[in-house]
Amino acid sequence: MDGQEKYRAIDLSHQPLFVQPHWLDCMLGSSNWSAIVALGNNGITRWAWAYATPSRHLGILKWTPPSFSTYNNIIILDNTEISNVLRELYKHIPFFSYIKIKYSKSHKETTKDIRLRVRQFYPHYDTLDEYWNTINKSKRKKLSKSFDIRVDEETNPDNLFKGLAGSLAKNNLHSIDINSIERIMACKASTIGMIVRNKNDRILGSQLIAWDSHTAYFLLRGKNYSKTHLPVSEILRWESIRFAHSKGLRIDLCGSQIPGVANFNREMGAQNEYYPEFIHFKPMLLKHISSMYKRKN
C-alpha cells in the first residue's frame, strides 16, 4: 500500500477541508500527490502529511504542501509529542519545504524553528445579533446605510472569476486562473461565490466560500476597484457571515499576516487564533538562495 492509499484509509471526517483526499484530488489531480503516514506498533496512525508530487526549484527537488492547504498540513492523530513528529519528518524530506502545524498557544515550544503566528476566525454564535455586536462601530455604521448595490450568490465559475480577476491581479495572485476556480467548484466540497454589483451591473468585488460539515472557509476575497466609496469588503464579509450562520458553521478566515487585512478581520468581529509556523530548510543555504530568487522575480 503506497502513501496515498494509506492516507485515503485514514478517518479524516473531523479534519479541515484542505486535508481531505477529495480536496487534494481537486487541487492537484489524483495522481499528483502522495502522503507520508506514520503507524505505531499497534498499527494505529500517529500522524500523516500530504504533499504535492516533488518538483524542482532552482534545480533542487522540493516537497510542498498542496494549494490552499496552508493550515494543518501535518495531521497529528494521537498524543505524540510534536517535536518527535518533526524529527521523524526530517528523515523523509531530503531538501526543503514549508510546513505549518496547528496546536494551541499554550503548547510548550520544543523546537527553535517554531514561531507563533496569528490567524482569524469567527466562532459560531446563536444569533446574527451576536455577530453584529462584535463588529467595530465604524463598520456597523457603513453597513447600516442603504446602498444601491446587491450581492448575488454565484455558482458559475466563469462569472465568479470575472468578479475575482481585478482583486487577484492587484494582489499579484496570477497563479489563480479560471481553471483553479473551476476545479474548486467541481470538487466534492460545497462551494459558492458571492458577487457585489452596482445598479449598472458592474462587478465591484467577489468572494469564494468552501465549506464542509462544520466549517466555512473564506478562500478568496477582494474588491476590484480600490477607490470605490462603497463598503464592498464589509458587505461581502457580512453576507458571508449571514450565509455561514444559516448553516450553523464555524467561519475560518484562513488568516492573514498582512497587518491591514488582519485588522480589518478583527474590526468585523473576528477573533485571533494562534498557531505555530515551522519552516525547515535543509541545508540552510537554500533559504538564502530562495529569498534572493524571490526578490529578483
Side-chain angles (χ1 to χ4, degrees), residues 16-18 65 67-73 98-107 109 113-125 128 130-143 151 163-164 166-176 193-194 196 204-211 214-245 249-279 291 294:
L17 171 67
F18 299 146
S67 302
F68 293 112
S69 63
T70 50
Y71 304 104
N72 299 298
N73 286 319
Y98 182 63
I99 307 168
K100 291 182 180 178
I101 313 167
K102 178 184 173 184
Y103 61 81
S104 68
K105 183 180 180 181
S106 60
H107 193 287
E109 294 186 44
D113 293 320
I114 291 180
R115 58 189 178 188
L116 287 173
R117 299 290 287 268
V118 183
R119 58 199 291 237
Q120 289 89 36
F121 73 99
Y122 292 107
H124 174 66
Y125 296 121
L128 276 173
E130 290 177 275
Y131 285 100
W132 184 259
N133 291 333
T134 63
I135 297 175
N136 177 284
K137 287 184 178 179
S138 65
K139 301 293 184 187
R140 271 188 277 169
K141 186 176 181 180
K142 284 186 176 182
L143 288 166
V151 180
L164 290 166
S167 57
L168 295 179
K170 282 196 305 181
N171 290 291
N172 298 314
L173 297 175
H174 302 293
S175 60
I176 308 299
M194 290 190 174
V196 180
L204 302 178
S206 58
Q207 176 168 271
L208 179 63
I209 305 172
W211 70 94
H214 44 80
T215 305
Y217 304 92
F218 294 178
L219 301 182
L220 300 165
R221 178 185 64 83
K223 57 182 182 178
N224 291 13
Y225 308 99
S226 59
K227 294 183 179 180
T228 178
H229 66 282
L230 299 171
V232 175
S233 296
E234 287 86 349
I235 289 171
L236 273 172
R237 186 51 50 84
W238 177 244
E239 289 299 319
S240 300
I241 290 172
R242 284 161 51 93
F243 176 82
H245 177 265
L249 301 173
R250 180 180 186 270
I251 306 170
D252 190 330
L253 301 182
C254 301
S256 177
Q257 302 309 316
I258 302 171
V261 176
N263 187 55
F264 173 86
N265 291 339
R266 286 189 291 270
E267 288 180 347
M268 288 296 291
Q271 296 183 8
N272 283 345
E273 181 174 280
Y274 294 86
Y275 68 95
E277 180 180 75
F278 170 75
I279 303 177
S291 298
K294 289 178 181 178

| Which pair of non-hydrogen atoms, one from Met194 and one from Phe243, has the smallest distance, and what is that distance? | CE-CB, 3.5 Å
| message | Rounded to the nearest 0.5 Å, what separates atom CZ in Arg250 from atom OH in Tyr122? | response | 12.5 Å
| said: Test of understanding: with ring-ring contact (aromatic ring centres under 6.0 Å, His included), list the residues that count as partners of His124, not counting sequence neighbours. | reply: His245
| CD1 on Ile135 to CZ on Arg237, rounded to 0.5 Å | 10.0 Å
| request: Would you confirm whether Tyr131, through its side chain, and Tyr125, through its main-chain N or O, come within 3.5 Å as a donor-acceptor pair? | output: yes
| message | Classify the ring geometry of Trp132 against Trp238: parallel below 30°, tilted from 30° to 60°, perpendicular beyond 60°. | response | perpendicular
| message | Which heavy atom of Ala216 sits nearest to which heavy atom of Ile209, and what is that distance? | response | CB-CG2, 4.2 Å
| note | side chain to side chain contact (heavy atoms under 4.5 Å, CB included) test vs Gln120 passes for just one of Asp252, Leu253, Ile251, namely Leu253
| Which residues satisfy the ring-ring contact (aromatic ring centres under 6.0 Å, His included) test with Tyr217, sequence neighbours excluded? | Phe18
| Can you name the residues that form a salt bridge (Lys or Arg N to Asp or Glu O under 4.0 Å) with Lys139, not counting sequence neighbours? | Glu234, Glu267
| said: Going by the rule salt bridge (Lys or Arg N to Asp or Glu O under 4.0 Å), which residues pair with Arg266 if we only count those two or more places apart in sequence or in a different chain? | reply: none
| Partners of Ser138 by side-chain hydrogen bond (donor to acceptor under 3.5 Å, both in side chains), sequence neighbours excluded? | Asn136
| query | Mind checking what makes side-chain hydrogen bond (donor to acceptor under 3.5 Å, both in side chains) contact with Ser240, not counting sequence neighbours? | reply | Gln207
| note | Taking every heavy atom of Thr215 against every heavy atom of Leu249, the minimum-distance pair comes out as N-CD2, 3.8 Å
